[in-house]
There are 2 protein chains.
Amino acid sequence: MAMDLSVPDSLPSQLRDGANYQNFVAGQVLFHHRDPAKYIFALEVGRIRLVRYTCEGNLVVFQIVRAGESFAESALFTELYHCNAVVDVPSRVICYPKTVVWEVLQNNSDLALSFLRRFERKNQSLKTLLELRSIHSARDRILQYLLFSASPGETTIVFDRSYKDIANELGLSPETLYRTLAELEREKIITRHGRQVELVTPQI
Amino acid sequence: MAMDLSVPDSLPSQLRDGANYQNFVAGQVLFHHRDPAKYIFALEVGRIRLVRYTCEGNLVVFQIVRAGESFAESALFTELYHCNAVVDVPSRVICYPKTVVWEVLQNNSDLALSFLRRFERKNQSLKTLLELRSIHSARDRILQYLLFSASPGETTIVFDRSYKDIANELGLSPETLYRTLAELEREKIITRHGRQVELVTPQI
DNA sequence: CGCATAGTTGACTACGCTCAACCCTGGTGG
DNA sequence: CCACCAGGGTTGAGCGTAGTCAACTATGCG
């Protein structure tokens with residue numbers, strides 16, 4: 001029932017047999033923008049970022065892929081990858097030829113529905129990012145990001161990547177992020193210990 | 001073959017029979033954020049905007065639905081709508097109960113694949129928006145938007161909605177948009193007649 | 001041990017937002 | 001038919017916020 005590209009055993013044999021595995025170290029690039037889109041991937045261990053560069057040279061992060069997630073499913077519908085996949089930390093990747101995936105999808109609506117669900121989740125996270133970017137004030141944007149990042153009911157967030165990265169995801173300069181976090185801390189709205197942030201929220 | 005929610009005749013009878021139709025005038029709201037997500041829609045005629053409000057009260061436009069497009073497919077996976085659907089111009093909408101859609105999807109991988117393709121397109125347009133928002137300079141953001149908006153090979157763009165709307169989509173104030181367009185015109189990079197913009201591009 | 005990079009803070013700048021005034025258009029009602 | 005009004009479009013002036021540059025510390029890695 002639970003079709004999951006990161007667990008080949010849960011998949012139809014045709015897919016399982018078509019898969020092959022690759023290992024990468026930090027900094028390697030799995031595929032580049034405009035490379036022929038031949039594979040769909042799942043991440044067994046590690047972390048990978050899907051990014052593009054704007055005309056100004058700024059990095060845009062579309063997705064941060066973590067262990068157990070699949071990515072580049074959009075290869076199904078395009079000839080070329082539309083972003084770069086950059087390996088963050090040593091990673092082990094499962095590669096599925098998109099032709100095989102496509103074959104199986106034709107006759108397997110369970111797999112198709114699991115793809116749909118994945119697409120939907122990506123949509124949501126893109127919408128969340130877009131909503132964040134629509135908040136002009138750095139302070140409010142950061143607060144909203146903290147709220148989104150906290151698991152429901154929780155008030156502590158532990159980030160597994162640098163503040164610099166987070167600043168970029170938020171579309172802010174690192175300096176602005178540091179400064180604003182310091183300010184929020186001074187105002188006792190949050191407390192921090194390294195990459196752990198605690199919300200001291202009497203407000204929503 | 002070409003399953004299309006906006007053309008009921010192209011659909012399995014179960015879906016076609018489950019559909020019902022509604023008409024709306026400009027300004028009406030089809031559904032609100034957090035309403036129970038009971039239906040998936042297709043737009044026969046008109047234009048509808050899917051929007052949310054930020055904590056600052058700013059409008060975020062996630063999608064502009066035009067005639068022939070379907071929307072709110074994400075209702076399949078959520079209990080509540082996560083945005084508002086606001087009617088822009090008089091519109092005729094086809095409503096499919098999501099339970100019926102779900103039923104049909106189970107056994108019809110053609111329909112599932114057509115949904116996948118739709119989701120993929122929405123993903124792309126969200127990514128494009130996000131990329132735009134990552135361009136800090138208003139000038140470059142607007143230029144990039146014009147490039148994205150021009151059909152490939154074409155140099156003229158005719159907008160079917162106000163500059164005010166477009167400014168909002170770009171995350172800029174209307175004044176900044178007007179000013180920058182005027183500047184680009186002075187520099188003979190574009191020419192304008194009302195809502196028609198022509199790129200005078202020796203670049204890219 | 002040393003280097004590269006993240007994190008931090010200060011000072012200055014610049015860009016885009018706000019407010020304000022004005023023109024122009026289309027639509028509505030008297 | 002005209003008067004009025006609402007809203008979009010346009011431009012100016014001033015301000016505020018976030019970016020940039022710079023110096024320095026802390027941290028991790030070879």
Side-chain angles (χ1 to χ4, degrees), chain A residues 25-27 47 49 54-61 86 88-90 132-145 157-187 190-197, chain B residues 25-27 47 49 54-61 86 88-90 132-145 157-187 190-197:
Chain A
V25 300
R47 196 173 66 218
R49 287 195 289 173
T54 67
C55 48
E56 286 175 322
N58 286 342
L59 197 65
V60 194
V61 179
V86 183
D88 242 20
V89 302
L132 280 173
R133 296 297 186 99
S134 298
I135 301 174
H136 282 289
S137 142
R139 185 197 168 92
D140 291 349
R141 194 185 303 178
I142 291 166
L143 271 173
Q144 191 66 45
Y145 178 75
I157 305 127
V158 181
F159 294 110
D160 61 355
R161 60 217 164 84
S162 67
Y163 282 118
K164 210 174 155 245
D165 273 15
I166 293 168
N168 183 75
E169 183 175 341
L170 286 168
L172 295 171
S173 69
E175 291 94 329
T176 302
L177 176 59
Y178 296 139
R179 250 187 275 275
T180 309
L181 285 175
E183 184 189 313
L184 290 172
E185 209 171 6
R186 254 179 275 121
E187 298 175 15
I190 62 171
T191 59
R192 273 195 302 163
H193 312 86
R195 286 179 181 170
Q196 175 179 329
V197 178
Chain B
V25 301
R47 196 174 65 219
R49 286 196 291 173
T54 69
C55 49
E56 285 174 321
N58 286 343
L59 197 63
V60 193
V61 178
V86 183
D88 242 21
V89 302
L132 280 172
R133 295 298 185 99
S134 298
I135 301 174
H136 282 290
S137 140
R139 185 196 167 92
D140 291 349
R141 194 186 302 180
I142 292 167
L143 271 173
Q144 190 67 46
Y145 179 74
I157 304 127
V158 181
F159 294 112
D160 60 355
R161 59 219 166 83
S162 67
Y163 282 117
K164 211 172 155 249
D165 274 14
I166 292 167
N168 183 74
E169 184 176 339
L170 285 168
L172 296 171
S173 70
E175 292 93 330
T176 301
L177 176 59
Y178 297 140
R179 250 188 275 274
T180 308
L181 285 176
E183 185 189 311
L184 290 172
E185 210 171 3
R186 253 180 275 120
E187 298 175 14
I190 62 170
T191 58
R192 274 194 303 163
H193 313 85
R195 285 178 183 171
Q196 175 181 327
V197 177

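Below, chain A is the first sequence line, B the second, and so on; all start at residue 1. What you are looking at is a predicted structure, and each value in this text was computed from that prediction instead of being measured.
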Go through the structure and list residues passing salt bridge (Lys or Arg N to Asp or Glu O under 4.0 Å) with [X], not counting sequence neighbours.
{"X": "A:D140", "result": "none"}
{"X": "A:R133", "result": "none"}
{"X": "A:E183", "result": "A:R139"}
{"X": "A:D88", "result": "A:R47, A:R49"}

Separation of [X] atom [atom1] from [N] atom [atom2], in whole Å?
{"X": "B:I135", "N": "C:dG16", "atom1": "CD1", "atom2": "C1'", "answer": "16 Å"}
{"X": "B:I142", "N": "C:dC17", "atom1": "CD1", "atom2": "C1'", "answer": "14 Å"}
{"X": "A:E185", "N": "C:dT9", "atom1": "CD", "atom2": "C1'", "answer": "14 Å"}
{"X": "B:L170", "N": "C:dG16", "atom1": "CG", "atom2": "P", "answer": "12 Å"}
{"X": "B:I166", "N": "D:dG8", "atom1": "CD1", "atom2": "C1'", "answer": "12 Å"}

statement: Double-helix bend of the helix from C:dC1-D:dG30 to C:dG30-D:dC1, axes at both ends from 5 pairs, round to 10°, gives 40°

query: Just by distance, do the side chain of B:Q144 and the backbone of A:C55 share a donor-acceptor pair under 3.5 Å?
result: no

task: Without swapping roles, check the side chain of B:R141 against the backbone of B:I135 for a donor-acceptor pair under 3.5 Å.
output: yes

- line: In terms of heavy-atom contacts, B:S134 and A:T54 come closest through CB-CG2, 3.9 Å

- prompt: Which pair of non-hydrogen atoms, one from B:L177 and one from B:Y163, has the smallest distance, and what is that distance?
  reply: CD2-O, 3.2 Å

- request: Mark up nucleotides 12-28 of chain D, 5' to 3', with B wherever a protein heavy atom is under 4.0 angstrom from a base atom, S wherever such an atom reaches only the sugar-phosphate, and - elsewhere.
  value: BB----SBBBB------

message: I want to check one thing: is the phosphate of D:dT10, taken as OP1 and OP2, less than 4.0 Å away from some side-chain N or O of B:R192?
response: yes

task: Show your reasoning for whether side chain to side chain contact (heavy atoms under 4.5 Å, CB included) applies to B:F159 and B:D165.
output: CA-CA 10 Å; B:F159 294 112; B:D165 274 14; over 6 Å; no

Pairing residues for B:T176 by the side-chain hydrogen bond (donor to acceptor under 3.5 Å, both in side chains) criterion, not counting sequence neighbours: B:S173

task: Kindly state each residue pair satisfying salt bridge (charged side-chain N to carboxylate O under 4.0 Å, His left out) with at least one member in residues 167-181 of chain B, sequence neighbours excluded.
output: B:R161-B:E169

Using nucleotides 3-6 of chain C, report all nitrogen or oxygen pairs with the protein that are shorter than 3.5 Å.
residue: C:dA6; atom: OP2; partner: A:K164; partner atom: NZ; Å: 3.3

